[in-house]
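Order of listing sets the numbers, starting from 1, for every ligand and every atom in it.
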Amino acid sequence: MLTLPSFRLEAFFAQWEFAARHHLTASDGQTVTVGELLEIAGTDPAELLGLELGYVPTTGTDALREAVAGTFAGTSRGGGAAVAPDDVLAFAGAEEALLLALSELLSPGDHAVVTVPNYQAMESVPIATGAEVTGLPLWTGSGESLRWTLDVDRVRDALRPATKVVAVNVPNNPTGFVPDLDAWLALAALCEERGIVLFSDEVYRGVEADPARTLPPAVEVCATGMTLDVTSKSLGLPGLRVGWLVSRDRALLGRIEARKHWTSICNAGPSELLATLAVRNAGALRARLRAVLDANTKTFDAFFADHAQWFDWQAPDGGCVAFPRYRGPDGVEEFCARLLHERGVLLLPASLYASDLATVPADRFRIGLGRRDPEPALAEVAAFLAAQA
Ligand SMILES: Cc1ncc(COP(=O)(O)O)c(C=O)c1O
């Protein structure tokens, strides 16, 4: 087993996610009930009630893998070959896939490039394998002139003969950043040419603010691409705990599957059934979430415009989270701590995104736009700020 550090964000959530009055930093999308999902899918509840509660295959049920594979055919501007069910491997959430895939891909003596800031598993697992890991900052500039960017030249400069993996997450948590198509295709071509796995966390794909900016999945535009997705984020169903990896390298998927024999063995059957319905109806679920995101973006834009002396705000290009800058003299850590303890509003200060690979801007905090009705939480923030003036 790997020796892993504390997962700062998850440890913080373990303490506060269900204790704070206002969760204003959720990374998931507005969820639905089991009944609503069955209704969206047009499925008779008897199908769920009649399901036998036996084990399901470690790889994931055929139905789930067929549904996932079906989402790729013809959906890409990259024009890659269709994905087959055998190119898909199911997991208990995206987190299990991150752990097992990155620990299979990397060993001492190997090298990886990982974008920063990141969902901590993407850097802590590679570091724990004993591989050398280089951080690729997703920004240029600092303070109010900071810009999010994917600099492919910098990736190229970071590559070594021992580089096995380039790991990225777009749309990005926590920044909401989506690179442009040219940069994405250049990165895909670079990884393919060097035989490097482009490990691509695409859990927020499909809910971009401008649908024209939806990037083709790594597995469609890069022969060595590996796409990670899950029901948790763009489909709004984190409680199902069903994720999947998609790759053309079936031998590699087989080795990752062998690792899963030591963890969850297989997913919960009812979850895989519901996940299959969700994937088949991904368009409708994403449209629901996009409507929430569009309404919330207007609300957040207005809130931040009204409080421009306190914040630099940029709505996400895609996904459910943003990483605005706090301008107050007390600093973002104090701001978030007081907001939580005095007003019950949960945000994630920059320290929870601290990286061992690069210095993440210390004046930022993560905020979530994916859940309905953020107004009461924003009213608490406004009242808190008014009391500081
Ligand atoms: C970018 C990213 N990847 C992976 C995960 C893990 O997802 P899950 O909770 O579905 O395992 C998260 C969760 O927040 C995330 O934000």
- With a 4.0 Å cut-off, would you call Asp301 and Lys298 a salt bridge? no

- Note on the structure: atom 7 (O) of ligand 1 has as its nearest protein heavy atom Ala94 CB, 3.5 Å

- Message: Tell me the protein heavy atom at minimum distance from atom 10 (O) of ligand 1, and give that distance in Å.
- Response: Ser232 OG, 2.5 Å

- Is Asp87 salt-bridged to Arg65, going by a charged N under 4.0 Å from an acidic O? no

- Task: Identify whether the distance between the nearest side-chain nitrogen and carboxylate oxygen of Arg160 and Glu132 falls below 4.0 Å.
- Result: yes

- Interfacing atoms of ligand 1 (cut-off 4.0 Å, heavy-atom, Asn169): 1 (C)

- Could you tell me whether the side chain of Trp184 and the main chain of Pro216 form a donor-acceptor pair under 3.5 Å? yes

- Query: For ligand 1, which atoms, with element, lie under 4.0 Å from some heavy atom of Val203?
  - Reply: 1 (C), 2 (C), 3 (N)

- Message: Among all the protein's non-hydrogen atoms, which is closest to atom 3 (N) of ligand 1, and how far away is it?
- Response: Asp201 OD2, 2.6 Å

- Aromatic plane relationship, Trp148 with Trp139 - under 30° parallel, 30 to 60° tilted, over 60° perpendicular: perpendicular

- Message: Geometry only, no angles: is Glu10 polar-contacting ligand 1 at N/O separations under 3.5 Å?
- Response: no

- Ion pair Arg205/Asp229, N-O distance below 4.0 Å: no

- Below 4.0 angstrom from a heavy atom of Glu95, which ligand 1 atoms are there? Numbered from 1 as shown, please. 6 (C), 11 (O)

- Task: Look at atom 5 (C) of ligand 1 and say which protein heavy atom is nearest, naming residue and atom and giving the distance to 0.1 Å.
- Result: Tyr119 CE2, 3.4 Å

- Message: With nothing but distance in play, are any N or O atoms of Gly93 less than 3.5 Å from an N or O of ligand 1?
- Response: no

- Is the number of heavy atoms from other residues, nucleotides or ligands under 6.0 Å of Glu375 CD greater than 12? yes

- Message: Please determine whether a side-chain nitrogen of the Lys or Arg among Lys233 and Asp28 lies less than 4.0 Å from a carboxylate oxygen of the Asp or Glu.
- Response: no

- Message: I'd like to know if Ser27 contacts ligand 1, where contact means a heavy-atom distance under 4.0 Å to any ligand atom.
- Response: yes

- Are the charged groups of Glu208 and Arg290 less than 4.0 angstrom apart, N to O? no

- Message: So is Lys233 touching ligand 1 or not, going by heavy atoms under 4.0 Å?
- Response: yes

- Sub-3.5 Å N/O-N/O distance, Asn173 and ligand 1: yes

- Within less than 4.0 angstrom of ligand 1, does Arg241 place any heavy atom? yes

